[in-house]
2 protein chains.
Amino acid sequence: MPTPHYGQPRYRSIADELRARIESYAIPPGALLPAESVLTAEFKASRGTIRQAIAVLRDERLVATEHGRGTYAKPRRHENGPDEGSVEAETRQRQIPADRELAALFAVEVGTALVEQQSVTRKNGTVGAVVRTYRLLQTRR
Amino acid sequence: MPTPHYGQPRYRSIADELRARIESYAIPPGALLPAESVLTAEFKASRGTIRQAIAVLRDERLVATEHGRGTYAKPRRHENGPDEGSVEAETRQRQIPADRELAALFAVEVGTALVEQQSVTRKNGTVGAVVRTYRLLQTRR
DNA sequence: AGAAATTTGTCCGTATGTATC
DNA sequence: AGATACATACGGACAAATTTC
């Protein structure tokens, strides 16, 4: 049977099944998933397809894979309760010494003080992006 | 020759080459990349390897692929403000492993790959500010 | 409108390299 | 050193979306 994938591709179905096992704690957090060779036998799919399915979960950050070790289920990030963690400061400003890279850009000595302003944007509590802006200290005369 | 990947895997070298073409505007923003079949011939690599290379760039959000159409180079945002005189912006994009601080913000493990986009604004040749934006690699679904 | 060509998407099977146990 | 497990790479085949004629 070459390649009939009506509706949903095979690797997505397999990803769904594995995701369900992780979310239902059939595969508890921290545990190793079955090896690719085992999954190959169980789902009767080629190794490439199994790897594609695992890649989906990895992109979802539901699992982490280590070369030669295996693939772990990652601990679930549970939602923040109602009056739980207050939102951290969205912006922060501090002074840092210029490293070689920044020093070269600003044409100053390594170690020269720079202002770093960091802002964190969140969406539903999860961080979307971290932006850091570097400037020279303003020396007014 | 089957599979010698000393140092850097083949698909990463190919990704590097294609990235260079995009960043050097050899492939201008919005333009289609050569088809997979063409790249296969040019790099003398299998289609799977070519697709792996393109997947890297897609995760970096440097390109976007459409079924039946092809793969586009995505426009780099320069966002030159309204009549600001001659404000140039250089941008660079690369992957870096998350340090402890960024890992904590994004709630991922230390070492997780992040995309760092750096833009340097210059006015009359002198650097005004360096902005670095950190994001997680694209997640689909 | 329709058929053909092009291009990406999915899947298989196999072989070999590299890291970990 | 051997066994196990993931990573890289090849080549072939068919499916599905888009463009072209």
Side-chain angles (χ1 to χ4, degrees), chain A residues 1-18 22 27 30-74, chain B residues 1-18 22 27 30-74 95 97 109 111-113 137-138 140-141:
Chain A
M1 260 59 91
T3 316
H5 52 279
Y6 306 108
Q8 179 153 264
R10 200 113 145 64
Y11 75 92
R12 292 217 170 260
S13 305
I14 296 174
D16 290 344
E17 168 63 24
L18 293 177
I22 293 170
I27 300 176
L32 278 174
L33 269 65
E36 292 174 355
S37 56
V38 176
L39 295 175
T40 293
E42 175 182 343
F43 289 102
K44 301 201 192 318
S46 78
R47 205 179 145 220
T49 301
I50 297 296
R51 285 175 61 76
Q52 236 174 322
I54 291 177
V56 170
L57 303 181
R58 193 163 40 231
D59 280 351
E60 292 171 3
R61 311 199 179 268
L62 209 64
V63 303
T65 300
E66 289 176 30
H67 193 160
R69 284 276 291 156
T71 298
Y72 293 97
K74 290 221 287 192
Chain B
M1 270 55 247
T3 318
H5 53 281
Y6 306 109
Q8 177 146 273
R10 199 115 146 66
Y11 74 92
R12 291 214 172 264
S13 306
I14 296 174
D16 290 344
E17 168 63 23
L18 293 177
I22 292 171
I27 300 176
L32 280 174
L33 269 65
E36 293 172 357
S37 55
V38 175
L39 295 175
T40 293
E42 174 182 343
F43 289 103
K44 299 193 193 324
S46 76
R47 201 182 148 212
T49 301
I50 297 295
R51 286 177 60 78
Q52 228 173 329
I54 291 176
V56 170
L57 303 182
R58 196 165 35 232
D59 279 351
E60 293 172 0
R61 305 183 186 192
L62 210 63
V63 302
T65 301
E66 290 177 29
H67 192 164
R69 284 276 292 153
T71 299
Y72 293 97
K74 288 223 284 191
Q95 283 190 35
E109 291 168 22
T112 301
L137 284 177
Q138 181 78 339
R140 1 187 188 296
R141 181 149 76 115

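All values derive from a computational prediction rather than experimental measurement. Naming: A, B, ... by sequence-line order, numbering from 1 per chain.
Listed nucleotides: dA9(D), dT10(C), dC6(D). Nearest to the side chain of Tyr11(A): dT10(C).
Scanning for salt bridge (Lys or Arg N to Asp or Glu O under 4.0 Å) contacts around Arg12(B) gives an empty result, with sequence neighbours left out.
Taken residue by residue, residues 38-53 of chain A places heavy atoms nearer than 4.0 Å to DNA chain D at Arg47(A), Arg51(A).
Between the P atom of dA19(C) and the CD atom of Glu36(A) lies a distance of 16 Å, rounded to the nearest Å. A straight line from CG of Leu57(A) to C1' of dC6(D) spans 16 Å, rounded to a whole angstrom. The interatomic distance linking Gln8(A) (CD) with dA16(D) (C1') rounds to 16 Å, in whole Å. In this structure, Arg10(B) atom CZ and dG11(D) atom P are separated by 10 Å, rounded to whole Å.
A close approach under 4.0 Å does occur between a side-chain nitrogen or oxygen of Arg69(A) and OP1 or OP2 of dC21(C).
At most 12 heavy atoms of other shown residues, nucleotides or ligands fall within 6.0 angstrom of atom CD in Glu109(B).
The two residues Ile27(A) and Pro34(A) have their closest heavy-atom pair at CD1-CD, 4.3 Å.
Between the CD1 atom in Ile54(A) and the CD atom in Glu36(A) there is a gap of 5.0 Å [rounded to 0.5 Å].
For His67(A) against dA7(D), no side-chain N or O and base N or O form a donor-acceptor pair under 3.5 Å.
Remark: the Gln95(B) side chain and the Asp59(B) side chain contain no N/O donor-acceptor pair separated by less than 3.5 Å.
Ranked by how close their nearest DNA chain C nucleotide is to the 5' end, Ser37(B) and Glu66(A) are led by Ser37(B).
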Inset, instruction - Begin with the C-alpha distance, continue with both residues' side-chain angles, and end with the deciding distance and a verdict on side-chain contact (heavy atoms from CB on, under 4.5 Å) for Leu39(A) and Leu18(A). - result: CA-CA 10 Å; Leu39(A) 295 175; Leu18(A) 293 177; 4.2 Å; yes

